Amino acid sequence: MLDIPVICGSTREGRKTIRVAKFIHRQLADRNEVTTSLVDLEELDLPMMKERLRMTDDPPEAVQEWGRIIERADGIVITTPEYNHGYPGVLKNAIDYLLPEYSRKPVGIVTVSAGMFGGVRCLETLRQSVFGFGGFPIPAELPVTKVGESFSEEGHPNDEAWFGRTDRFLDTMIWFTDAIAAKKLQDFADEEE
């Protein structure tokens, strides 16, 4: 089983990214080859980072939990709104707590916008950050435009086409996660010989 958590990268009041995160999480949970969890940065409530997790003697429990989630993950899906052509500071704060935990993990990015562009400028910014922290951004993308009209508060799409788009995105996410996990297992086996 592949472990692929879905991260909701917004804590803003009235946020709509959580709607999309809930939908992605449900779609991923329906896959037999995957175990998943919805990681809401609002609930996790990480303090502002003063030092990376691995360099801290007594980190807060929320930071330790964040580290465990990412450490055990085979891949990660991040849902994020676009703020000023980038991603929110709360997501940057969470990302910066860790480094080796991301190594060689595929990262799927779902961008959310109230407007017409679906956060595509944020997508490019976050992809560069993923490379920087040692992950692999998958080539598939899932930009969500007009999120308030596209998804209900419970995270149900108002257009059936979202199921097909999301399935294609998740197919790619799972393919990359499975391929990289298999390579890691092979490398581990080779080291044991």
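Keep in mind that the numbers below use all heavy atoms, side chains included, and drop hydrogens, waters and symmetry copies. Please read all numbers here as calculations on a predicted model, not as lab measurements.
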Working to the nearest 0.5 angstrom, can you tell me the gap between [X] [atom1] and [Y] [atom2]?
X: Leu91; Y: Thr79; atom1: CG; atom2: OG1; result: 8.5 Å
X: Ile7; Y: Ile109; atom1: CD1; atom2: CD1; result: 12.5 Å
X: Lys16; Y: Ser150; atom1: NZ; atom2: OG; result: 11.5 Å
X: Glu101; Y: Leu99; atom1: CD; atom2: CG; result: 7.5 Å
X: Lys22; Y: Ser152; atom1: NZ; atom2: OG; result: 8.5 Å
X: Thr35; Y: Leu2; atom1: OG1; atom2: CG; result: 10.0 Å

Partner of His25 under side chain to side chain contact (heavy atoms under 4.5 Å, CB included), picked from Val39, Asp30, Leu38, Ile4, is Leu38
Of all heavy-atom pairs between [X] and [Y], which one has the smallest distance, and what is that distance?
X: Ala73; Y: Pro5; answer: CB-CD, 3.5 Å
X: Val147; Y: Arg19; answer: O-NH1, 4.2 Å
X: Leu46; Y: Ala94; answer: CD1-CB, 3.6 Å
X: Ser10; Y: Val90; answer: CA-CG1, 4.3 Å
X: Leu170; Y: Arg31; answer: CB-NH2, 3.5 Å
X: Cys8; Y: Ala21; answer: CB-CB, 3.9 Å

Are [X] and [Y] linked, directly or through other ILVMFWY residues, by side chains that come within less than 4.5 angstrom of each other?
X: Trp162; Y: Val112; result: yes
X: Phe131; Y: Ile180; result: no
X: Phe133; Y: Val63; result: yes
X: Met173; Y: Ile70; result: no
X: Val6; Y: Val110; result: yes

With a 4.0 Å cut-off, would you call [X] and [Y] a salt bridge?
X: Arg121; Y: Glu82; result: yes
X: Arg68; Y: Glu61; result: yes
X: Glu124; Y: Arg127; result: yes
X: Asp40; Y: Arg15; result: yes

Should Val144 and Phe151 be marked as a side chain to side chain contact (heavy atoms under 4.5 Å, CB included) after you check the CA-CA gap, both sets of side-chain angles, and the distance that decides it?
CA-CA 9 Å; Val144 177; Phe151 286 85; 3.8 Å; yes
Under 4.5 Å between any side-chain heavy atoms of [X] and [Y], yes or no?
X: Pro81; Y: Pro88; result: yes
X: Asn158; Y: Glu149; result: no
X: Ile76; Y: Tyr102; result: yes
X: Arg26; Y: Glu154; result: no
X: Tyr97; Y: Trp66; result: yes
X: Thr80; Y: Cys122; result: yes
X: Ile95; Y: Leu126; result: yes
X: Ile24; Y: Leu142; result: yes

Can you establish whether the number of heavy atoms outside [X] located under 6.0 Å from its atom [atom1] is more than 12?
X: Arg72; atom1: CZ; answer: yes
X: Glu153; atom1: CD; answer: no
X: Met1; atom1: CE; answer: yes
X: Asp159; atom1: CG; answer: yes
X: Glu33; atom1: CD; answer: yes

Without swapping roles, check the side chain of [X] against the backbone of [Y] for a donor-acceptor pair under 3.5 Å.
X: Arg52; Y: Asp96; answer: yes
X: Asn93; Y: Met49; answer: yes
X: Ser113; Y: Gly115; answer: yes
X: Asp74; Y: Thr177; answer: no

Tell me whether the NZ or CZ atom of Arg12 lies within the 45° cone about the ring axis of Tyr83 and under 6.0 Å from its centre.
yes
For this output row, return yes or no: ring centroids of Phe23 and Phe163 closer than 6.0 angstrom.
yes
Could you walk me through whether Glu141 and Phe169 pass the side chain to side chain contact (heavy atoms under 4.5 Å, CB included) test, one step at a time?
CA-CA 7 Å; Glu141 55 192 51; Phe169 173 81; 5.6 Å; no
Scan side-chain atoms only and decide if Thr111 and Tyr87 contain a donor-acceptor pair under the 3.5 Å cut-off.
no
